[in-house]
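What follows is one structure encoded as structure tokens, with my remarks underneath.
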Amino acid sequence: MSSFDPAGTKPARGQDAFEFYFRQILAGKLTRRDAMKRTAVAGAAVIGTMAAAPAISSAWRTSAQDATPVAGGTFRMGMQSDPGALDTQLQSLTAAWHVVEHIYSNLTTIMPDMSVAPDLAESWEISEDGITYTFHLHQGVLFHNGREVTANDVKVSLERLIDPATASPSASDLASVASIEAADDYTVVITLSAADAALLSSLANSSCLIFPPEVIEEHGDLSQVAIGSGPFKFVEYIPNTHIKLERNADYFVQPLPYLDEVELLIAANDTARTAALVQGTVDFIEYVPAQDIETLQTNEDIVLTGNAISQIRMIGINVTREPFTDVRVRQAISMAVDRGPIIEAALFGFGTPTDVVLAQGHWAALERPEPPGPDIEGAKALLAEAGFPDGFETTITGWAEYGFLSNTAIVVQEQLKQIGIEAEMNLLDSGSMGQVVYVDKDFDLAVTGTSGYVDPGAVFVENFRTGEGGNFVGYSNPEVDELLAQGAASTDQEERAAAYRRVQEILLEDLPWVNLYIGQQYEAMKTFVMGYQHIPTGSNRMVREVWLNNQ
Amino acid sequence: MAQSEATSNTTPQNAPTLASMSGGEARESKRPGVWGTIRKQRLAMIGLVIVLFFALLAFIGPSLAPHGATEQFPQVRLQSPSRDYPFGTDEFGRDIFSRILYGARISFQVGMIVVGIAGTVGVLLGIMAGYRGGWTDNIIVLLSDVIFAFPAVLLAIAVITMLGNNLTNAILAISLVYIPPFIRIVRGATLTVRNTAFVEAAQSIGASAPRIMGRHIFPNITAPLIVQASISFGFAILSEAGLSFLGLGNKAPDPSWGTMVSGSYGYLQLAWWGAVIPGIAIALTVLGFQLLGDGLRDALDPKLRR
């Protein structure tokens, strides 16, 4: 796509030039070299600092922006989907994650450069065998109810995720954990059953949020309450309307946050979300609809950030159901799919076709040529071999709210018709989708995607290990389980990469997922919104560093 | 049998509020017939032409469609109207012209089934209420008022949520919403007819209540019923489009006009035709039925006939 044309894009009047060009880089509009030319001599030093991408973002955020952050104001965010409930241990929905990430703290967190950084845990030590992790907590961190966060809260919070009684679809995040002990008030010792290279990044997942246990005693679960130790306090949640948050003045990372209030307004409809931003009803939108990217780029009051993303979109095939138990049927589906038109219809071309989970260029990626075009005759032959010369009827379950995913489903449905597979379409809202596909596992074909991950071990274990709660397609292969154990146990990146590459090879043969594309993802905001950064996991957590330059 | 038929054939002329439907009778009375009245009303004629046009589309349209309703041509996404794609293509590269033709069938199916169900139920309950009176009347009117009290769209959404989200249930939901107006109109007309001489005559010769309602009352309340049916037909199409727009009822990718508007309005700035053309189709059809309904009202009301 030629949409990111650097020519003719200039900083808006009154906008800081560094900030502008930096955002252009983030948005993929400018190469660093272009930006260096434009920002001239004075800019070079700053750009150099950014390229080094230090682990603590605030260090360069202040240097990248001339102005001193101004505290105060209400930040209104246009959100893609209603979370339904706020307990991210009970359900695994991006929409809920995008709320609780502002309210809770975790032991660790993921920075915009995808590195793992300390959050509640000030520091940690890992034993030489990789089995024992000792976390030292920040002292004096307060929950929003005024009580200090102690090691026991961490223990109870994380144990709830693992507890079989919780039946969490995200329990695999801590699958390697054997025990969690509070050595003293500020020291947590996590002992693993086997080394797990993904542990530190998994602890940053929204499923590993740290909450005060008394909230569970009082309310039963966290679905309608949210008391954490994060930058913002929960005020109210009106389903399908908004979530209100207010500043946590006692947040342990001072002087954050700058905003007095954050309102997350649900604007599931793509058109409505874009319109809200343009008209100024909101200051920020997530999941910029692909069809609006070019229009928004030409709007002087709006900047986009984003592009990089770690989430794969795919057809998940329920391998426990007839006729998908037959690998030939799954291969036929894979051969019938034409990724180009899917990416055009879903994302206006803002995506990369792939038949493996990890993007090319990832350290554990399986090197692959661009996926081949469809082979309808070959697919039909395979179906005939499997006993379905005329195809069969089935269903596709997909997301009604994420426009790019429903469009993906509609194109897939039409492409499958060519080999005689007539699929009835069920597009569900987020809450139903979480229940039907990820909890009840009551579907044939699901057109869906993963949420962001950092370590490849996490995405493979959660989705493909035998019996995992997140393994919604019901896939089971002992060889994969063995390789995943190997990949987790090793600390040598090359060794791990080898294991995960082999896993991806096997997945290409077994095809529990027909991978489609890795999409680009953008957030758009008014130019007066300062300090926001895109994180390739898809997280909006950098809202804590946002300040408004319009006061 | 012969006796009562004779009664019902002669009575309409006795009843002052009754509309006459037969052309022969119009010739006798030297008044213009229904057709004659409608023909003089330009707007009603426009309505009739529009309705007939879309009815024809619904009937034979799909066989004229150059492409399948859900067939996708990825290389021509969001293309403006051209010779190959007279109404342009949508975001999947589907031919909007073909989808409009298929959509006409869905719309007319909805209209016919809704009017069929709501009309039948409404006539049965309305005549019973009007003729029997008393507690039968009270209960039917109360039920009808309860349904009427709900905003129509909310009620339809509630019904679809309960029954499940598909086109059949959407049609049932819309039918339910359209029953009360039929009951009201039929009951009102029945009350007028009930006290006429020919009904009393039928009663006096011992005709059963169902027979009186079916043989003597029903044929004499058809005028307001036809008007109501015409107007309901248009609004039922509009309701289906509205529900489809909200994602209820018709399922993507089937080309209900409402679904087409809903799917394409996100692309208005890039490809206005995707949402505007089905929007025009909906508006025209509803307008056609409205105009026709108004014309029929005038034509069938003897007071307005000159």
Side-chain angles (χ1 to χ4, degrees), chain A residues 3 267-275 278 288-296 298-299 337-349 373-374 395-401 403-418 422-429 432 447, chain B residues 67-79 89-96 98-99 102 154 157 160-162 164-170 243-256 258-276 279:
Chain A
S3 55
N269 182 285
D270 282 348
T271 315
R273 206 161 60 256
T274 302
V278 172
V288 176
Q291 67 267 27
D292 297 329
I293 289 177
E294 290 193 32
T295 318
L296 291 178
T298 59
N299 188 321
V337 158
D338 188 1
R339 292 172 176 82
I342 294 176
I343 295 171
E344 279 300 317
L347 292 170
F348 267 61
T395 61
I396 291 178
T397 309
W399 300 78
E401 280 162 340
F404 60 95
L405 284 176
S406 36
N407 280 6
T408 302
I410 288 172
V411 182
V412 166
Q413 179 194 34
E414 190 65 19
Q415 292 180 349
L416 292 185
K417 274 186 193 165
Q418 297 179 17
E422 292 285 336
E424 190 193 327
M425 183 74 76
N426 295 313
L427 296 179
L428 306 175
D429 60 87
S432 314
V447 174
Chain B
H67 304 289
T70 60
E71 207 178 338
Q72 298 173 356
F73 303 95
Q75 60 281 10
V76 291
R77 299 173 60 246
L78 299 172
Q79 209 177 67
T89 58
D90 67 5
E91 72 270 27
F92 296 100
R94 298 180 297 207
D95 178 33
I96 292 170
S98 302
R99 287 173 69 73
Y102 280 95
L154 282 189
I157 291 174
I160 293 171
T161 313
M162 271 191 321
N165 186 5
N166 59 46
L167 187 60
T168 314
N169 290 339
L243 289 174
S244 296
F245 183 79
L246 297 174
L248 296 165
N250 180 61
K251 276 187 184 169
D254 291 339
S256 150
T259 312
M260 291 173 70
V261 176
S262 148
S264 292
Y265 94 121
Y267 304 86
L268 264 182
Q269 294 194 0
L270 297 170
W272 54 266
W273 48 90
V276 170

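Computation of the quantities below employed the complete heavy-atom set of this structure, encompassing side-chain atoms and omitting hydrogens, waters and symmetry-equivalent molecules. Within every chain, numbering begins at 1; the chains are lettered A, B, ... in the order of the sequence lines, protein sequences first and strands thereafter.
Contacts between Asp338(A) and chain B at a heavy-atom distance below 4.5 Å are absent for every atom of the residue. Neither the backbone nor the side chain of Gln415(A) comes within less than 4.5 Å of any heavy atom of chain B. Using a 4.5 Å cut-off between heavy atoms, Gln269(B) contacts chain A through its side chain alone, with no backbone atom that close. Of the two parts of Leu268(B), neither the backbone nor the side chain holds a non-hydrogen atom closer than 4.5 Å to a non-hydrogen atom of chain A.
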May I have the step-by-step check of side chain to side chain contact (heavy atoms under 4.5 Å, CB included) for Asp292(A) and Arg273(A), ending in yes or no? CA-CA 10 Å; Asp292(A) 297 329; Arg273(A) 206 161 60 256; over 6 Å; no
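Using a 30° and 60° split on the angle between ring planes, Phe73(B) and His67(B) fall in the perpendicular class, above 60°.
A donor-acceptor pair under 3.5 Å is absent between the side-chain atoms of Thr397(A) and the main chain of Asn426(A), judged by distance alone. With hydrogens and angles disregarded, a donor-acceptor distance shorter than 3.5 Å links the side chain of Asn407(A) to the backbone of Ala345(A).
Nearest heavy-atom pair across Ile160(B) and Asn165(B) is CG2-CA, 3.8 Å.
Ranking Asn269(A), Leu427(A), Ile342(A), Ile410(A) against chain B, the residue ahead of the rest is Ile410(A), based on heavy-atom pairs under 4.5 Å. No other option in Glu91(B), Lys251(B), Arg77(B) has as many heavy-atom pairs under 4.5 Å with chain A as Arg77(B).
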